[in-house]
Amino acid sequence: MGARRSLGRQFGWLWAAYAVSAFGTWLAFDAFPIIAIVVLHAGSAEVSLLAAAGLAVGAMVAVPLGPWMEFRRKRPVMIAMDVVRFAALMTVPVLFLLDRLTFAQLVVVSVVVSAADIAFTAASGACLKALMPGDDLLVANGRFESTAWTATMVGPPIGGAAVGLFGPVMTVAANAVSFLLSAAGIRAIGGAEPRPARTGTPSRLRAGDLLEGWRYILTHPALRPLFFNTVLVGGLIMATAPLLAVLMLGDLGFAPWQYALAFALPCVGGLIGSRLSPRLVARFGRHRVMLTTGALRACWLPGLAFVRPGVAGLVLVMAVELGLICCMGVFNPVYATYRLERTPADRVARTLSAWSVSSKATVAALTALWGLLAGVTGPRIAVAIAGLLSLATPLLLPRHEQAPLPEREPAASHS
């Protein structure tokens, strides 16, 4: 089966690098807000600023990184971004030990890490496209997806225990080390990586190049609707997360461990979905699977508005999250593969960078907007409005199958 076959040593190292950094990231999940509250005695406004600034400012900083890295070898860029994240995160425990840690420092680190995340994701997508020809690309994306959901499921509980034993600063240090290990894994991929050749593009970065990723997405008949769909769905889901925390932990009186269980346990649906994804595509076709699961994943969010106190409410949240995550587990690797196949090799970094910048900026904007909305209507009504809007997002999915564009074959330079 596709889920079991070997994809080669080079992919194995890329997958290992992704896995160790993903587990490190989820191990330190919520470490910055905890540090801000417990160590620096920050208030709710400052904690919200910390979360929003990391996404919004980090996305702005990352805008020129896509065009900058497009015609550079991607593995050195990935290693550099891992080293940047390691160095930035390690300043937190170092300054904490020196009793010099400040709230401004947390904000700066959050911005740097967010920008490096975007650059790394864009470069890794281009690297994966170069390593994985043909049908192997879907299998590879499925393995990344299953790893992401495994890390999401087991990382926060282990991280929570580590915070209790060692404090949140130590989990930040562990996350930093995970990026150093990721850099070592990418370095171990080996083999020659040719320098991408420029195809009619000036050697110097121009102001217009900053928008090239968005220009390609918005003029592509298949990627344009998919872009708006994924950015909006992700933004609506993430915007409801803090509201559900307020609703469940505050108004409904759930214990923190119950809240954590309600969102950690359903991540098994991501494992199930990512394992099923290649098999469903083989049976029903890529476009049909993407269209169906893309529509189904939009149907679950309204159910979270009906959560009630007690066991029944906890079961409802778990059932809704399980259905949502299972659909995402199938959809995400299919859409990631679809996007890579329809993006020429000399545009992948700029396209993925623009996509990621837009996603993070949308999450930041919608999270802030829904926070204001919840202040007026209450968290339950705000969650319900997000759920109703999500029901319209399937209209943005590509309605017809389109063949991938033929790849241009520029002569690669090894200099």
Side-chain angles (χ1 to χ4, degrees), residues 26 29-38 40-55 152-153 155-157 159-161 163-164 168 232-269 297-328 362-393:
W26 283 102
F29 182 68
D30 277 347
F32 272 30
I34 293 173
I35 292 172
I37 294 168
V38 175
L40 302 176
H41 310 291
S44 57
E46 290 175 303
V47 173
S48 298
L49 173 65
L50 177 62
L55 290 172
T152 306
M153 181 169 54
V163 167
L232 184 57
V233 170
L236 290 172
I237 290 173
M238 295 305 297
T240 61
L243 308 184
L244 285 168
V246 171
L247 182 62
M248 294 180 68
L249 296 174
D251 300 351
L252 302 181
F254 286 100
W257 70 267
Q258 292 174 310
Y259 173 78
L261 182 67
F263 291 95
L265 195 58
C267 289
V268 71
R297 87 194 197 287
C299 299
W300 297 94
L301 197 57
L304 294 174
F306 297 96
V307 60
R308 292 288 184 268
V311 175
L314 197 63
V315 171
L316 173 65
V317 172
M318 285 197 232
V320 170
E321 288 291 319
L322 179 65
L324 172 64
I325 292 172
C326 189
C327 291
M328 291 173 65
T362 301
V363 168
L366 291 184
T367 298
L369 179 61
W370 252 254
L372 295 174
L373 180 63
V376 176
T377 66
R380 188 185 299 276
I381 299 299
V383 170
I385 292 173
L388 291 175
L389 288 176
S390 74
L391 294 177
T393 58

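No experiment lies behind these values; they were computed from the predicted model shown.
Between Pro168 and Val38, the closest side-chain pair of non-hydrogen atoms is not below 4.5 Å. Within the 4.5 Å cutoff, side-chain heavy atoms of Glu321 are placed close to those of Leu304.
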Anything under 3.5 Å between a donor and an acceptor, one on a side chain of residues 367-385, the other on a protein residue two or more places apart or in another chain? List them.
| from | atom 1 | to | atom 2 | distance (Å) |
| --- | --- | --- | --- | --- |
| Thr367 | OG1 | Val363 | O | 2.6 |
| Trp370 | NE1 | Ala382 | O | 2.8 |
| Thr377 | OG1 | Leu373 | O | 3.0 |
| Arg380 | NH1 | Ala305 | O | 2.8 |
| Arg380 | NH1 | Val307 | O | 2.7 |
| Arg380 | NH2 | Val307 | O | 3.2 |

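Across every non-hydrogen atom of Ala386 and Thr240, the tightest pair is CB-CG2, 3.5 Å. In terms of heavy-atom proximity, Ser390 sits nearest to Gly387 at OG-O, 2.6 Å. The two residues Leu314 and Ala262 have their closest heavy-atom pair at CD1-CB, 3.8 Å. Nearest heavy atoms, Trp300 versus Cys327: NE1-SG, 3.7 Å. Residues Leu236 and Thr393 share a closest heavy-atom pair of CD1-CG2, 4.5 Å.
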Original post:
Would Leu261 and Met318 satisfy side chain to side chain contact (heavy atoms under 4.5 Å, CB included), going step by step from the backbone distance to the final call?
Top reply: CA-CA 8 Å; Leu261 182 67; Met318 285 197 232; 4.2 Å; yes
Original post:
So Ile237 and Leu324, side chain to side chain contact (heavy atoms under 4.5 Å, CB included) or not? Walk me through it.
Top reply: CA-CA 10 Å; Ile237 290 173; Leu324 172 64; 4.1 Å; yes
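Take Tyr259 and apply the side-chain contact (heavy atoms from CB on, under 4.5 Å) test, not counting sequence neighbours, and it matches Ala245, Met248, Leu249, Phe263.
Heavy atoms of other residues, nucleotides or ligands lying less than 6.0 angstrom from CE of Met238 number 12 at most.
The structure places CG of Leu366 at 7.0 Å from CG of Leu232, a figure rounded to the nearest 0.5 Å. Note that CZ of Phe32 is 7.0 Å distant from CG of Leu50, once rounded to the nearest 0.5 Å.
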